[in-house]
Amino acid sequence: MINKENLKNLDSFVEKSNKIAIMAHADPDGDSIGSIMALREILRIKNKDVDFYINGEIPFNYKFMKDVEKSSSYNINIKYDLCFALDSSDKERLGENSQIIDNSNKTVCIDHHKTNEGYCDLDIIEPDYSSTGEIIFDIFSQLNYEINEIAAENIFIAIITDTGKFIYDNAGYKTFENVSKLLKMNINKNEIVKNLYSSEPKNIFKLKSDVFNSTEFYYEDRVALSLLSQKTLKNYNLSLKDIDGLVERLRDIENVEISILIKELGDNTYKISMRSLGNSDVSKICEVFGGGGHKNAAGFKIENVEYSDLKNNIIKEVEKNAL
Ligand SMILES: [Mn+2]
């Protein structure tokens, strides 16, 4: 349950504001974009003057969302009465947009990351929710703001993507109750699902096939590891921002407990993502390399290392820390 005092304060912040900014973490995903666009619509109906900031390239399967390409570009002279920071566990993850926060009269953070310690005038942190989009739905329903079909569709997108199509642990009965309310609002579910999940360009599919084909298995198939190299990306005329979902797919292979994707950023520079099932804690492995995350999803970045050394070190640390 969201604290009543927080709801009251949020309502009074909104009532007293006209010029409002909305932003979320860098490297946008379904929850960050869905939450931004939902809140924008809810405040637009309230006749607020709303700017929104999507920080980074919008992945191809979210480009169908209404007005998503109308993201503003910030200049230091713009001052806001109120700024919302969504789905971002700390200020740094907002990237370059975080200066908007410093330049706003009042600030509100809405998030569901456990590690969020708050960085705004009002912090609504609810780790029991599936997604930031679901928190927004609950908050503004309770405050009796109008939630139209467009806002409802954006909230649905936030929830379906952050729950891995409703199968992750974070999708409990409350989430299904909220989704049921959204479906009652006549949202265009089939069209959304088709755009999100059945619109993969052929060259992305082919690149993924190559990456899957070269997957290596360790420790009796309990660990799967793949490399996404710049060379493979060039072969298909793609860049890293186009590719999503590889490491999750590797985790879904029979017997695999830990999946590892090594992405080549440049010469001897790599970004590593790990996923796990059940009790294997991949954040412990990533911490060894200066990164971090959650038990079942973590990562790190590393420079000045040869690929073969990096791979061998990771495999060793996997055994020491998580198997
Ligand atoms: Mn989220």
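Throughout, residue positions are numbered sequentially from 1 according to the sequence presented. All ligand and atom numbering here is 1-based and tracks the order in the structure.
The environment of Asp309 atom CG is dense: over 12 non-hydrogen atoms of other residues, nucleotides or ligands sit within 6.0 angstrom.
Looking at Asp210 and Tyr236, their side chains do bring a donor and an acceptor atom within 3.5 Å of each other. Donor-acceptor pairing under 3.5 Å is recorded for the side chains of His112 and Asp162.
Under a hydrophobic-cluster definition in which Ile, Leu, Val, Met, Phe, Trp and Tyr are linked whenever side-chain heavy atoms come within less than 4.5 Å, directly or via other members, Tyr62 and Ile160 are assigned to the same cluster.
Closest N/O/S atom of Asp162 to the Mn ion (ligand 1): OD2. The N, O or S atom of Asp31 with the smallest distance to the Mn ion (ligand 1) is OD2.
No cation-pi contact links Lys271 to Phe300, judged by a cut-off of 6.0 Å to the six-membered ring centre and 45° from its axis.
Residue side and main chain included, Asp29 places no N/O/S atom under 2.8 Å of the Mn ion (ligand 1). None of the N, O or S atoms belonging to His113 lies under 2.8 Å away from the Mn ion (ligand 1).
Around the Mn ion (ligand 1), the two atoms OD1 of Asp87 and NE2 of His112 are separated by an angle of 90°, to 10 degrees.
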